[in-house]
Every structure is written in structure tokens, then in C-alpha cells.
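What follows is a single structure, written as C-alpha cells, with notes after it.
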Amino acid sequence: ESVSFMGGDTYDISVDTSGRVVLQSIEKEGIRMTQSFQFYKGAAGNNMVFSNRSSGAYIFRPNVTRAVDFNYNGNVQIFKGPLVEELHLTVNEWVSEVVRIYNGEDRIEFNWLVGPIDVNDKIGKEIITKYTTNLESNGQFYTDSNGREMLKRERNKRPTWNLHLQEPVAGNYYPVTTKIVVRDEKRKLRLAALTDRAQGGTSLEDGEIELMVHRRLLKDDAFGVEEALNETAYGIGLVSRGEHSIIFGSDSDEFRLHEKTEATRLALRPWVFISPVENISYDEWK
Amino acid sequence: EKINKFREAMGIMQHHDAVTGTEKQHVANDYSRILSNSMRDGNKLSADALRNMMKKDENTEKKVEFHSCLQLNISSCEHTENNKNFVVTLYNPGSQPLSTYVRLPVKGASYRVKDYLGMELVTQLVPIPATVSKIPGRQSSAVFDLVFLALSIPALGYQSFYISEKTQESEIQSDEPVND
């Protein structure tokens with residue numbers, strides 16, 4: 001059956017005409033989120049002076065202050081079943097994802113697949129995914145400290161000195177080992193993005209979470225690697241696949257515990273072993 | 001000896017270059033080699049440990065094989081794709097019981113999953129996206145992900161599931177009325 005939305009009893013999830021995933025909570029009134037892929041063009045300089053440094057393995061240095069949208073020329077497919085509902089979205093030839101809602105779970109899984117990053121235009125690119133909500137986070141967000149406690153970050157601010165950022169995007173990026181959170185104090189709501197690996201992340205606008213998922217750059221940044229961050233395999237750029245879990249909830253101790261448990265559960269997944277049993281029936285095996 | 005090699009590999013991977021990817025390419029390749037070898041040795045060790053926990057079958061000398069699929073992240077696993085009957089064992093490394101959805105790449109059109117009590121579980125087959133099938137270097141004949149819910153895997157313990165591909169013949173048999 002051809003359907004244009006999914007999300008079980010909890011969410012209404014669809015894709016708009018520009019290829020953004022649009023989510024609305026059925027249970028929690030007023031919660032809306034869009035998710036999209038964008039990219040930064042990496043600065044390419046000669047590294048002779050500070051202002052002419054390239055974006056590379058050590059430094060994230062976009063030459064623009066806003067991420068660029070992808071031209072959406074892809075397609076969407078939705079699959080529904082008793083255990084999982086999936087939305088397969090192809091944004092372009094090298095950016096796609098699967099959005100999943102498992103029966104009985106409140107997290108929304110974004111399984112992204114990015115690469116090989118197209119650099120035929122000779123421009124290095126750094127790909128991000130952005131979760132945009134209507135939460136009023138007041139310039140604040142939280143990132144974990146190597147999987148341990150959450151540290152409060154404030155946009156364009158540092159705790160102990162007056163800051164004037166010359167690079168407003170990179171200067172607001174922080175390490176995210178497992179979790180990044182925005183909260184709306186007035187509405188007592190919270191949005192957490194759980195990652196499956198360490199990534200860079202920020203919140204450049206209120207209610208927004210941005211995570212960098214893949215990078216391919218054509219110039220060395222002169223910090224000692226002496227190689228551009230341009231890894232290839234099979235003669236082309238690398239493909240990266242990973243997962244973000246998004247959870248919404250009230251800004252309560254109970255939800256924070258749930259967030260923690262989910263992060264642990266996703267980080268310590270079971271080890272899967274396969275044993276072929278071609279000539280053994282179930283009863284014999286049992 | 002095997003666990004020491006794994007421990008050493010994990011130590012090396014804590015170097016800041018390995019964490020952030022600021023190493024030279026040939027170093028990155030070496031890290032992959034070290035980690036991959038350690039995972040392989042770790043798998044042997046875990047398989048031995050699981051074998052020790054299992055009930056011994058006195059009728060057969062044959063050891064049960066336990067294979068890890070290190071490419072499950074790109075929906076590829078030769079052991080689930082090329083076998084019509086296989087057992088999936090999930091080891092829970094956490095200190096709390098765990099319930100989790102399991103996804104396995106398969107090429108058949110219908111599967112039956114039974115737990116150790118003989119209960120048949122609800123399953124779902126979801127197509128593997130074409131974009132995943134086209135990942136360079138991915139060699140897989142899987143067209144679906146087989147999904148089922150594994151309930152209550154004990155803390156620091158394991159649970160196994162018997163999976164068999166449903167043939168047309170077995171489906172016809174299962175539709176027959178059951179006699180008392």
C-alpha cells in the first residue's frame with residue numbers, strides 16, 4: 001500500500017518537497033521537528049598566514065557561515081510492519097537515510113548513509129545533519145564529557161572570558177561522544193540526540209541540534225599530518241554509515257534517567273554470534 | 001595471550017590521533033589491521049567461553065561454530081545469507097537484562113524464529129535500501145533485513161534463537177489442521 005507517512009501511534013513522520021523529514025508528535029502536543037542534511041564548503045588556503053588556513057583533519061574551518069542545502073532529487077519509500085516502521089529517503093546519489101520507529105520504543109532512529117562525497121567541483125565538503133525543533137533553548141545546549149556528565153554550552157560564550165568569535169560556526173562546535181541535548185525551560189521539554197560514535201556537534205539556532213557525519217577535504221591543514229583528509233577506498237571516497245537516536249521528553253529526572261539508560265543500551269549492544277545448523281532440526285538443537 | 005592483544009589494541013586506539021582521525025593514512029590502515037586481528041582473536045575467545053557454558057553433546061565431537069559478522073553495519077553477513085538454518089546467539093555485555101530488536105541480513109523471502117522455549121516469535125522482513133546495496137566493496141546477496149525482538153537477555157549472559165528459512169513445502173505443512 002502506498003502511504004506518505006509513518007510513526008505508529010506516537011509520531012506522524014513524512015518528507016516535504018525539499019527532502020526534509022518532518023515529524024510531529026501525536027502524544028505530546030506542540031512538538032515538531034524537521035531533519036535535514038546540509039554541508040559546509042571547506043576553506044582551502046595556502047596555510048601561510050592564520051587567515052589562510054585550510055580546513056583539514058585537525059581543524060574544521062568552513063569558508064561559509066551557513067550550511068548549504070542539498071538539491072533534493074531523490075525519493076521516499078515507506079515500509080510498515082508489526083515490529084518496525086521505516087522511511088527510506090534518498091536525498092541524492094550519495095546522501096540517504098532510513099528513519100525507523102520500533103514498536104514499543106519512543107526513540108526515533110535516523111540511520112544515515114553518506115558518501116562517497118562528491119568533490120568533482122574541487123571543493124572539500126563537511127556533511128552535517130540538522131534536527132530543528134520549536135523548542136526555545138535560549139542559546140544553551142549540553143554535550144557529554146566523554147560519555148560521563150553533561151556539560152552546559154552557551155552559544156558564542158565561554159565561562160571565564162569575553163568571547164568574540166571570528167569563526168562563528170567552528171567556534172561553537174563541541175565534541176559529542178554519546179549525547180547532545182537542548183531543553184526548553186519554559187515548556188519543560190527536552191530533546192536528546194544519541195550518537196553511535198564520537199562526532200562534532202553544536203546548536204547554532206535555538207531548538208536546533210547539528211551533528212557532523214562525514215568530511216572529505218582536499219587540502220592539508222598544516223598541523224602535522226601532511227595529508228589532506230581525503231581517504232579513498234576502491235578508488236573513490238569513503239562511504240560512512242551510522243545512527244542517531246532522537247528522544248523527546250519532559251525535562252524531568254525520570255526522563256534524564258531514561259536518556260542515560262538508552263545511551264548505555266545503545267553503546268553496549270549485544271554481541272551477535274551466528275552458528276550454522278544446516279542438518280540440525282529445532283528439536284535436536286533444543 | 002589473545003585478550004592481551006585485544007587490550008593492547010584498545011590502548012593504542014586511545015591515542016588522540018586514533019580517536020579523532022588525525023593520523024596519516026598508512027597509520028589508519030595499520031590501526032584497522034590491529035583492531036581487526038584483535039576482534040578476530042576476541043571472537044575465538046568468546047566462542048570458547050560460550051562453548052563452555054553450553055550443555056555438552058556427548059554424541060558428537062564436533063564443536064559448535066560461533067561466527068561474528070563484522071559487516072552487519074552495512075547489512076552484510078555471509079553466515080545469515082548463505083544458510084537456511086542458523087542459530088543466533090546474543091551475548092549481553094551489560095549488567096542489566098536487555099531487550100533489543102535484532103536485524104540480520106538475509107536473502108530468503110520468509111523465516112521462522114524460535115526461542116529456546118519453542119515459542120515462535122513475530123518477525124518482519126524489511127528491504128535493504130538500494131543505496132546500501134551499492135556501497136562500494138560490499139559483497140552481499142542479502143535483500144532483506146530480518147527483524148525480531150529478543151526479550152530479556154540476561155545480564156552478562158546469552159540467549160539463542162533458532163532461525164529457519166520457510167520453504168514452500170514447510171509452509172504448506174504448517175497450514176494442515178492439527179490432529180489431537
Side-chain angles (χ1 to χ4, degrees), chain A residues 56-58 77 79 81-84 86 88-90 93-98 100 102-105 113 115-116 175 196 198 215 223-227 229-236 238-239 241-243 261 264-265 268-283 285-286, chain B residues 17 19-25 28 43 46-47 50 64-69 72-74 77 79-80 82-94 96 98 100-102 104 114 116 118 122-127 129-132 135-137 147-150 153 158-160 162 164:
Chain A
Y58 274 91
Q77 279 182 297
F79 301 93
L83 300 177
V84 63
E86 293 196 357
H88 295 195
L89 169 66
T90 306
E93 276 180 13
W94 50 275
V95 178
S96 64
E97 70 177 337
V98 178
R100 293 191 180 113
Y102 285 103
N103 187 20
E105 290 189 2
L113 180 72
D196 63 345
R215 320 170 66 200
F223 273 101
V225 202
E226 295 176 339
E227 284 174 7
L229 189 68
N230 184 12
E231 197 174 352
T232 56
Y234 305 98
I236 49 172
L238 286 194
V239 179
R241 193 184 194 191
E243 187 183 298
T261 318
T264 310
R265 193 173 72 92
L268 294 173
R269 292 180 200 220
W271 195 340
V272 181
F273 295 95
I274 313 293
S275 308
V277 286
E278 272 319 295
N279 301 315
I280 304 171
S281 68
Y282 172 78
D283 289 326
W285 169 75
K286 203 180 158 193
Chain B
D17 278 349
V19 173
T20 56
T22 45
E23 72 279 51
K24 278 180 184 284
Q25 188 57 50
N43 182 62
S46 310
L50 282 167
V64 182
E65 294 170 34
F66 290 98
H67 301 286
S68 278
C69 292
L72 275 179
N73 66 326
I74 52 166
C77 174
H79 307 292
T80 57
N82 299 333
N83 291 296
K84 287 188 185 300
N85 298 329
F86 53 92
V87 172
V88 174
T89 302
L90 304 171
Y91 175 75
N92 173 12
Q96 301 285 330
L98 178 79
T100 184
Y101 282 97
V102 181
L104 300 167
K114 281 185 176 179
Y116 68 100
V122 177
T123 62
Q124 187 180 338
L125 285 170
V126 188
T131 47
V132 173
I135 292 174
V147 186
F148 65 93
L149 177 62
I153 310 164
Y158 72 93
Q159 201 177 133
S160 295
Y162 186 95
S164 51

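A, B, ... follow the sequence lines: proteins, then strands. Residue 1 opens every chain. All values below were derived from every heavy atom in this structure, side-chain atoms included, with hydrogens, water molecules and symmetry-related copies excluded.
Using the six-membered ring where Trp is involved, Tyr162(B) and Tyr282(A) have ring planes that are perpendicular, over 60° apart on the 30 and 60° scheme.
Residues satisfying the side chain to side chain donor-acceptor pair (under 3.5 Å) test with Arg100(A), not counting sequence neighbours, are Glu86(A), Glu109(A).
In this structure, the portion of Ile280(A) lying under 4.5 Å from any heavy atom of chain B is its backbone and not its side chain. Heavy-atom distances place both the backbone and the side chain of Asn103(A) under 4.5 Å from chain B. Interface residue Val98(A): only side-chain heavy atoms are found under 4.5 Å from chain B.
Interface remark: of the candidates Tyr101(B), Phe86(B), Phe148(B), Tyr101(B) forms the most heavy-atom pairs closer than 4.5 Å to chain A. Counting heavy-atom pairs closer than 4.5 Å to chain B, the top-ranked of the candidates Arg269(A), Lys286(A), Gln77(A), Glu278(A) is Glu278(A). Among Asn92(B), Thr131(B), Thr20(B), the residue making the largest number of heavy-atom pairs under 4.5 Å with chain A is Thr131(B). Counting heavy-atom pairs closer than 4.5 Å to chain B, the top residue among Val225(A), Leu83(A), Thr264(A) is Leu83(A). Of the listed residues (Val19(B), Val147(B), Leu149(B)), the greatest number of heavy-atom pairs within a distance under 4.5 Å of chain A belongs to Val147(B). Contact count against chain A (heavy-atom pairs under 4.5 Å) is highest for Leu98(B) among Val102(B), Leu125(B), Leu98(B), Leu104(B). In terms of non-hydrogen atom pairs under 4.5 Å with chain A, the most contact-rich of Asn82(B), Thr123(B), Val126(B) is Val126(B). When each of Val84(A), Val239(A), Leu268(A) is checked for heavy-atom pairs under 4.5 Å with chain B, Val84(A) comes out on top. Most heavy-atom pairs under 4.5 Å with chain A: of the set Cys69(B), Gly94(B), Gly118(B), Pro127(B), this distinction falls to Pro127(B).
Minimum heavy-atom separation, Ile274(A) to Thr80(B): CD1-CG2, 3.6 Å. When all heavy atoms of Tyr91(B) and Phe273(A) are compared, the pair lying nearest together is CB-CE1, 4.2 Å.
Between Ser68(B) and Trp271(A) the shortest side-chain heavy-atom distance falls below 4.5 Å.
Remark: side-chain polar atoms of Ser275(A) are paired, donor with acceptor, to backbone N or O of Glu65(B) under 3.5 angstrom.
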